[in-house]
Amino acid sequence: VKELIPEFYSDDDGFLVNKQKLDLGEKQNSERVESVILPPWASSAEEFLRINREALEREYDSNNIHSWIDLIFGYKQRGPQAVEADNVFRHFTYEGMIDLDSIENPMERNSYRMQINEFGQTPKQLFKIPHPPRNAPRGIVKSVGTF
């Protein structure tokens, strides 16, 4: 359910590099937490962000982003279409499926809260019909409906 935040595609590497030398604590092995450890294919935070942007802007991604929208925000997020697309998550990650305030047992309430924090939360479903492909001819957009 967790997706990359928009900062992964920006020009500002401030969330990756601890330029202010903030005290971010220690790891379990007592090593200080500093900047994000980048994958071996990125020589710097700037390169890491540039490669992420390039990957997102590839023609393949532009031509298929509607499929991702269908899975994350659209008609394949819930129900039979989600099952068919192998896009099903724990029930408590979906909006409105659990009311933490109504759970009286503090251990059970905390357990759900921790699991939501660990698994993430499925975003609000915005579309009930297939999202049109990017740059789709007008006739296609009209045939699938208005968003």
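The shown structure was predicted, so the numbers you read here are calculated from the model rather than taken from an experiment.
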Q: Measure the spacing between CG of L126 and NZ of K128 and express it to the nearest 0.5 Å.
A: 10.0 Å

Q.
Nearest 0.5 Å, please: how far is CE in M97 from CZ in R78?
A. 6.5 Å

Q. What are the two closest heavy atoms between E47 and S44, and how far apart are they?
A. N-OG, 3.1 Å

Q. Looking only at heavy atoms, which two atoms of D70 and H131 are closest? And how far apart?
A. OD1-N, 2.7 Å

Q | Side-chain donor or acceptor of N64 paired with backbone N/O of Y60 under 3.5 Å | A | yes

Q: Can you measure from CZ (R53) to OG (S10) and round to the nearest 0.5 angstrom?
A: 7.0 Å

Q | Spacing of S111 atom OG and N105 atom CG [to the nearest 0.5 Å] | A | 9.5 Å

Q) What's the spacing between Q115 CD and H91 NE2 if we round to 0.5 Å? A) 8.5 Å

**Q.** NZ/NE/NH1/NH2 to OD/OE distance under 4.0 Å, D101 and R109
**A.** no

**Q.** Validation row: Q77, E95 side chains within 4.5 angstrom (heavy atoms)
**A.** no

Q: In sequence, state the C-alpha distance, the side-chain angles, and the governing distance for Q125 and F73, and then conclude on side-chain contact (heavy atoms from CB on, under 4.5 Å).
A: CA-CA 5 Å; Q125 186 177 24; F73 301 105; over 6 Å; no

Q) Do F15 and L49 touch side chain to side chain, with heavy atoms closer than 4.5 Å? A) yes

Q.
Using the rule given for side-chain contact (heavy atoms from CB on, under 4.5 Å), can you reason through K27 versus V33, listing the C-alpha separation, both sets of side-chain angles and the distance that settles it, and then say yes or no?
A. CA-CA 6 Å; K27 299 178 186 179; V33 175; 3.9 Å; yes

Q.
Could you measure the distance from the CE atom of M107 to the CE atom of M114? Nearest 0.5 Å is fine.
A. 9.5 Å

**Q.** L100 vs I116, side-chain contact (heavy atoms from CB on, under 4.5 Å): CA-CA, chis, key distance, verdict
**A.** CA-CA 11 Å; L100 291 175; I116 289 169; 4.3 Å; yes

Q | Partners passing ring-ring contact (aromatic ring centres under 6.0 Å, His included) against Y9 (at least two apart in sequence or in another chain) | A | none

(Q) More than 12 heavy atoms of other residues, nucleotides or ligands under 6.0 Å from CD of E84: yes or no? (A) no

Q: Quick one: closest heavy-atom pair of N87 and F89, and the distance?
A: OD1-CE1, 3.4 Å

Q | Heavy-atom check, side chain of I98 versus side chain of I103, under 4.5 Å | A | yes

Q. Going by an N to O cut-off under 4.0 Å, is there a salt bridge joining D11 and R50?
A. no

Q: Measure the shortest side-chain to side-chain distance between F119 and T93 over non-hydrogen atoms and say whether it is less than 4.5 angstrom.
A: yes

(Q) Is there a continuous path of hydrophobic side-chain contacts, each under 4.5 Å between heavy atoms, that joins L38 to V17? (A) yes

Q: Evaluate the criterion side-chain contact (heavy atoms from CB on, under 4.5 Å) for residue pair N52 and L56; output intermediate values, then yes/no.
A: CA-CA 6 Å; N52 279 341; L56 184 65; over 6 Å; no

Q: Could you tell me whether the side chain of Q81 reaches within less than 4.5 Å of the side chain of Y75, counting heavy atoms only?
A: yes

Q. Between L16 and S35, is any pair of side-chain heavy atoms under 4.5 Å apart?
A. no

Q | Among I72, L71, I65, the one residue meeting side-chain contact (heavy atoms from CB on, under 4.5 Å) with I69 | A | I65

(Q) Check for me, please, whether W41 and I37 land in the same ILVMFWY cluster - side-chain distances under 4.5 Å, paths through other members count. (A) no

(Q) Just to verify, what does R58 make a salt bridge (Lys or Arg N to Asp or Glu O under 4.0 Å) with, not counting sequence neighbours? (A) D61

